[in-house]
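One-based numbering, in listed order, for ligands and for the atoms of each.
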Amino acid sequence: MARCRCRGKLLCMCLLPCMMTGHLVIYILVSIFVTLSYTPPKIPQRYVAPGASDPGPWSPLPLQPFWNLQLERALWNRLQHALDRRHNPILNANATSSDANATQRDCRAGLPPDGPADLPEQVRAFVGSMHRRRYPLIINQPNVCGPDGALTPGSPALLIAVKSQVGNFENRQAIRETWGRRGRVTGPMGRGVWEVRTVFLLGRQDAGNGPHPDLGRLLELENRQHADILQWDFRDTFFNLTLKELLFWGWFEEHCPTATFVFKGDDDVLVRTNRLLEYLQHRLDEHLLWRGLQNNSDASFDLFVGEVINNARPNREPNTKYYIPESFYSGVYPPYAGGGGVAYSGSLLMRLKEVSELVQMFPIDDVYLGMCLNRLGVAPSHHPGFFTFDLPRYKRTKPCSYRSVLLVHKRTPKQMLLLWRALLGLPGRC
Ligand SMILES: *[C@@H]1O[C@H](CO)[C@@H](O)[C@H](O)[C@H]1NC(C)=O
Ligand SMILES: *[C@@H]1O[C@H](CO)[C@@H](O)[C@H](O)[C@H]1NC(C)=O
Ligand SMILES: *[C@@H]1O[C@H](CO)[C@@H](O)[C@H](O)[C@H]1NC(C)=O
Ligand SMILES: *[C@@H]1O[C@H](CO)[C@@H](O)[C@H](O)[C@H]1NC(C)=O
């Protein structure tokens, strides 16, 4: 035993120095090799930028401009590019937003009025009128938010604006009887009391623009009863929803600028108004607190909340509702919130309206909102209570699944009434 241990020690003492010497030799050899093979880079006599030609003794000329003159071929991108150039403070110091018309004219020179003939029909209808942003009001409600929208004790905390269509009488009535009832709303468990007003946003649907039964008299009657209809003189189609939004912003600025929050959504959603208000008020309180701590009384309250969709691409499937051909728009969509329903602050609405002058109209309204937000540098915030694609099927019939829901899409008028009644009895049972 003792001999064996002794031999191990001897082996160790002999081997270790050998290995170390070996490593040292390898290191020295590699160092010598690297030093020998190194040649210093050749420094040219004159500096020639990469990508530039070398014209000999004269100063080098760049082969290409460093900015991108390679215009996108898609129509919307081209129009937006022209608008950007017009508003570029360096290129165009004196341009004003009222020149948007001129941009359209410059850029469209040589194009048929509704764009290249290979675009699908509804896109062509959009292109044909996308330069026009003003349409007269047929039915107005100037006093919904108090006389002339003045800041009075009764001016609303929330203005609900519902995108509807002339024929959807039943949806509007269901909304009036449930989540869109005008008046006071009390928060859950009596926390907070808010004033709420509702308007319905309509375009025109009558024989004047395609075959349609004339419902004008019925609408008149409805409006006399409820005084909550806003109707503009444009064709009410899916691709005109962005126009509806812009017209609503214009109306808001004039007639309801004191509303703190705005909810904008479809007429087939159900909103838990008091929960939504409680959440919005919470965000406002947070903002005011933060503003106080920062001692920054100018910080505007930029709240935009909904079901946020990131990294969406245009739908390239012809014959679908959302089809956007490659020749009309190229690129991805900015983050945006699903159009079933979104809530934002009144102050953000004003800023969105301003920046919308710098963004070409886009046929899909929720994406357009995303583009404007992007321009403002405001990120839409996601709230998991917005179910614009509905709850999982097996949860829909259980009232308790709606405990944390703020908005759910889509519900028929009858379902809306039933669900609303079920939700009123909710707090005790869940
Ligand atoms: C901008 O306006 C100023 C004064 O209004 C004028 O002197 C100047 O020439 C204008 N610049 C351009 C590029 O039109
Ligand atoms: C824009 O052009 C249309 C007709 O092309 C005209 O009716 C409208 O007044 C113009 N708007 C502005 C602001 O120049
Ligand atoms: C939008 O409304 C205008 C005015 O009525 C109409 O000319 C245009 O064709 C409509 N756009 C679409 C896409 O329907
Ligand atoms: C807040 O700002 C005001 C004026 O800008 C200044 O007078 C005041 O001292 C500031 N307060 C704090 C706590 O920084």
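Counted by atom type alone, W249 and E253 present zero donor-acceptor pairs between their side chains at under 3.5 Å. Looking only at atom types and distance, the side chain of Q141 has a donor-acceptor partner in the side chain of N223 under 3.5 Å away.
A cation-pi contact, defined as under 6.0 Å to the ring centre and within 45° of the axis, is absent between K264 and F248.
Qualifying side chain to side chain donor-acceptor pair (under 3.5 Å) partners for T320, counting only residues two or more places apart in sequence or in other chains: N315.
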Y279 vs R275, side chain to side chain donor-acceptor pair (under 3.5 Å): CA-CA, chis, key distance, verdict: CA-CA 6 Å; Y279 171 74; R275 291 268 168 188; over 6 Å; no
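Taking a heavy-atom cut-off of under 4.0 Å, ligand 3 is surrounded by Q122, A125, F126, S129, Y135, F234, R235, T237, F239, N240.
The aromatic rings of F328 and F126 lie perpendicular to each other, with more than 60° between the two planes, well past the 30° mark.
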